[in-house]
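First up is the structure itself, then whatever we jot down about it.
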Amino acid sequence: MRLFDTLSRTERELLPIDGSTYRFYCCGPTVYGPAHIGNFRTFVLQDVLRRTLETGGTRTLHIRNITDVDDKTIRDSQSAGQSLKQFTTGWTEKFHVDCEKIGLLEPHIEPGAVDHIPQQIAMIQKLVEKGHAYASDDGSVYFKISSFPGYGRLSRLDQRELEIGKTQNARSSSDEYEKDSLSDFVLWKGRRAEDGENFWPSPWGEGRPGWHLECSAMIQEYLGDSFDLHSGGVDLVFPHHENEIAQSECACGGHFAAQWFHITHLLVDGGKMSKSLGNLYTLADLAERGFSAMEVRYVLIGAHYRKPLNFTLDSLSGAREAMAKLAKAARQLAAKADPETRLVSADFGPFQAAWDSLNNDLNTPGALGGIFTGLRDAANLTGPEAAAALAGFNRLLRALGLTLPEEIGQDAVEIPESVRLLAEARWQARLAKNWAESDVLRAELTRQGWLVKDGKDSYTLELND
RNA sequence: GGCGGAGUAGCCAAGUGGUAAGGCAAUGGUUUGCAAAACCGUCAUUCGAGGGUUCGAUUCCCUCCUCCGCCUCCA
């Protein structure tokens, strides 16, 4: 497959460096609260990338870290009256539940920062030895940007911008840490009173690792000097990924990531998502409004990853309808498919265009469109052809990580006795052709939130949204 | 101010130097006591605005407008 690379700004074929396994790293969540749908846009697209590679026959090694020590985790664990470990473990577990609901494959390795302190210290030592880092009087260690000429290539910052950043920042944080240059960033933070119990010994005194360094050290640990792809939300391009490149290439001497994959942020109702605007949604928030995580996933893959996605509650309703339509079409195809057909072909049949879209810079909306047109084209197929088409359809859905809704069973919803009686009375009135009575009873059921659908010989009740 | 991205039907959203995928909604028909559901149709001479290049531009170039992101630890 081909994918746009942030660093070279070109589309490139994704081929494993080692010729066998595509090894990639994704910046994971900072576990100090529930992940929101913006976080999940990134994780879902990374998941689709992996699934597409695997569906195409490429083996993968997927690593996604957990940031379990930083300013926010420390601050919020303290106000929660918990140890950092208790606090981050709790949120990590909740994150995993959400991941499963939204259909994310588990990463092959999910390292946490706190478990890799020695590796981080070792990397800092190497940087100090090579003259890329220096300690300050307060026990912090900084990376010396001027020692790495390649700094700014990923985010296209030139020296002038760095200087501007320097002066802009001079006022706000001049009393925080000592630095030779204000654009140098911290590798190790000297222990401060507000860190409480959260500090570790190091050659520079007690303290804790800087955020940027975590990823570099864990990548070194599990992927070595060079690997295939590094990914995260666009906001991480600068400074996080820029700093990782500097740290890792200076410490290890490799080429670090061969490819960079950044996912654009989503908008909510056309604007930025934020707590203060009341439009920051978590999966739990949306579940309360009656939307499943899989419906959220459908919306999240409904726009190209390099374009802003405007998330609305209406689009979630649309996702529900669209998925129901897919499920129905799939059932119809399955009913006509020859069950004896053994599939050996890697062909996608009517869904080839959808598969091609996915492989062309991960064009998920194009793939979804291709699925619908493929389904239309497959409508008249029968026997072995229908079976082959169904197989292509299923492979595509797996690549997208979509699980379609099952047929809702008769007793899927608990129906209160009073409602059941009302519905039964209405049915009898209807059989007696007492339309007026029937309509009154239906209005009452509607008022109570129930939708009646009349069939030929019976009726169904559905909970209205 | 610097850098990067986006503006396509009511909404979400692909795409392309050769005349606009798909989904939702809406709407017409069939069906239904009426609805709902289902099925069959319809639904952008037009792609933020104005110039330019071209046989031809939504697609390339220029200007402008609007929106969004980053500019030191936010996916």
Side-chain angles (χ1 to χ4, degrees), chain A residues 6 9 26-30 35-46 67 70-72 145 152 155-158 160-166 168-169 172-173 176-177 179 182-186 189 210-214 231-240 242-243 262-267 270-274 298-299 302-304 306-323 325-326 328 353-354 357 360 363-376 430 433-436 438-439 442 446 451-456 459-460 462 464:
Chain A
T6 312
R9 322 210 96 231
C26 302
C27 288
T30 301
H36 53 68
I37 55 173
N39 297 305
F40 279 115
R41 182 183 192 191
T42 297
F43 299 139
V44 163
L45 267 297
Q46 290 163 343
T67 295
D70 80 322
D71 291 349
K72 291 186 293 278
I145 285 178
S155 57
R156 343 197 96 215
L157 288 176
D158 62 22
R160 195 175 37 139
E161 264 81 60
L162 291 173
E163 294 297 325
I164 288 168
K166 244 165 102 171
Q168 274 183 342
N169 206 47
S172 57
S173 63
E176 286 234 318
Y177 287 104
K179 301 191 209 176
L182 281 164
S183 42
D184 287 350
F185 59 90
V186 71
K189 292 183 157 193
W211 177 50
H212 308 301
L213 191 78
E214 295 174 11
S231 174
V234 271
D235 57 308
L236 297 184
V237 172
F238 186 87
H240 186 57
E242 197 73 73
N243 292 353
H262 289 108
I263 293 94
T264 299
H265 283 188
L266 59 71
L267 305 175
K272 189 177 179 173
M273 177 172 64
S274 74
Y298 187 95
V299 172
H304 186 82
R306 280 196 283 133
K307 284 198 174 180
L309 158 63
N310 190 18
F311 188 91
T312 64
L313 293 176
D314 281 350
S315 56
L316 272 177
S317 304
R320 170 169 302 172
E321 297 306 319
M323 288 173 76
K325 190 170 171 177
L326 285 179
K328 177 161 190 191
S357 288
N360 178 20
N363 187 346
T364 48
L368 287 174
I371 289 176
F372 281 98
T373 49
L375 239 17
R376 199 184 56 206
R430 190 173 175 277
K433 298 198 187 298
N434 187 348
W435 311 127
S438 165
D439 287 348
R442 180 167 60 191
T446 303
L451 183 66
V452 189
K453 293 182 184 176
D454 294 330
K456 245 195 172 77
Y459 62 92
T460 60
E462 281 179 19
N464 236 337

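Keep in mind the model is a prediction, meaning the values are calculated, not measured. Chain letters run A, B, ... following the sequence lines, proteins first and then strands; every chain starts at 1. Hydrogens, waters and symmetry mates play no part in the numbers below; they use all other heavy atoms, side chains included.
Rounded to whole Å, the distance from CD on E214(A) to P on A75(B) is 12 Å. In this structure, E321(A) atom CD and C24(B) atom P are separated by 7 Å, rounded to whole Å. In this structure, K272(A) atom NZ and A6(B) atom P are separated by 19 Å, rounded to whole Å. Rounding to whole angstrom units, CZ of residue F311(A) and C1' of C67(B) are separated by 20 Å.
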Identify each atom pair where a protein N or O and an N or O of nucleotides 57-59 of chain B are less than 3.5 Å apart, giving names and distance.
none

Pairs under 3.5 angstrom, nitrogen or oxygen only, protein versus nucleotides 20-22 of chain B, please.
residue, atom, partner, partner atom, Å
A21(B), N1, P365(A), O, 3.4
G22(B), OP1, R376(A), NH1, 3.4

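By the side-chain contact (heavy atoms from CB on, under 4.5 Å) test, K272(A) pairs with no residue at all, sequence neighbours left out. Annotation: side-chain contact (heavy atoms from CB on, under 4.5 Å) contacts of S357(A) (sequence neighbours excluded): N363(A), A367(A). With sequence neighbours left out, the side-chain hydrogen bond (donor to acceptor under 3.5 Å, both in side chains) criterion links N434(A) to no other residue.
Look at the C1' atom in both G23(B) and U59(B): the space between them is 24 Å, to the nearest Å. When the C1' atom is compared between C60(B) and U27(B), the two are found 39 Å apart, to the nearest whole Å. For the C1' atoms, the distance linking U19(B) with A44(B) amounts to 13 Å, nearest Å. Nucleotides C64(B) and U46(B) place their P atoms 27 Å apart, quoted to the nearest Å. Here the separation of U58(B) from G51(B), taken at their C1' atoms, is 16 Å to the nearest Å. Distance check on atom P: A21(B) versus U32(B) gives 36 Å, rounded to whole Å.
If you check C74(B), A75(B), G69(B) against the side chain of V234(A), the one that comes closest is G69(B). Here the side chain of L236(A) is nearest to one of C68(B), C34(B), A75(B), namely A75(B). Among the nucleotides U32(B), C74(B), A75(B), the one closest to any side-chain atom of L266(A) is A75(B). Each of C11(B), A14(B), A75(B) was ranked by its minimum atom distance to the side chain of T312(A); first place goes to C11(B).
The base of G33(B) is paired with the side chain of D439(A) by a donor and an acceptor separated by under 3.5 Å.
Note on N310(A): a side-chain N or O is less than 4.0 Å away from OP1 or OP2 of C12(B). Distances shown here put a side-chain N or O of K307(A) below 4.0 Å from the OP1 or OP2 atom of G7(B).
Each of I37(A) and V452(A) was assigned the nucleotide of RNA chain B with the nearest heavy atom; the assignment lying further toward the 5' end belongs to V452(A).
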> Using Watson-Crick and G-U wobble pairs with both distances under 3.5 Å, what is the 5'-to-3' dot-bracket string of RNA chain B, with [ ] for crossing pairs and | for pairs outside the strand?
Replying inline: (((((((..(((.....[...))).(((((.......))))).....(((((..]....))))))))))))....
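For the pair H36(A) and A75(B), the ring geometry does not qualify as stacking, because the centroid separation below 5.5 Å and plane angle under 30° are not jointly satisfied.
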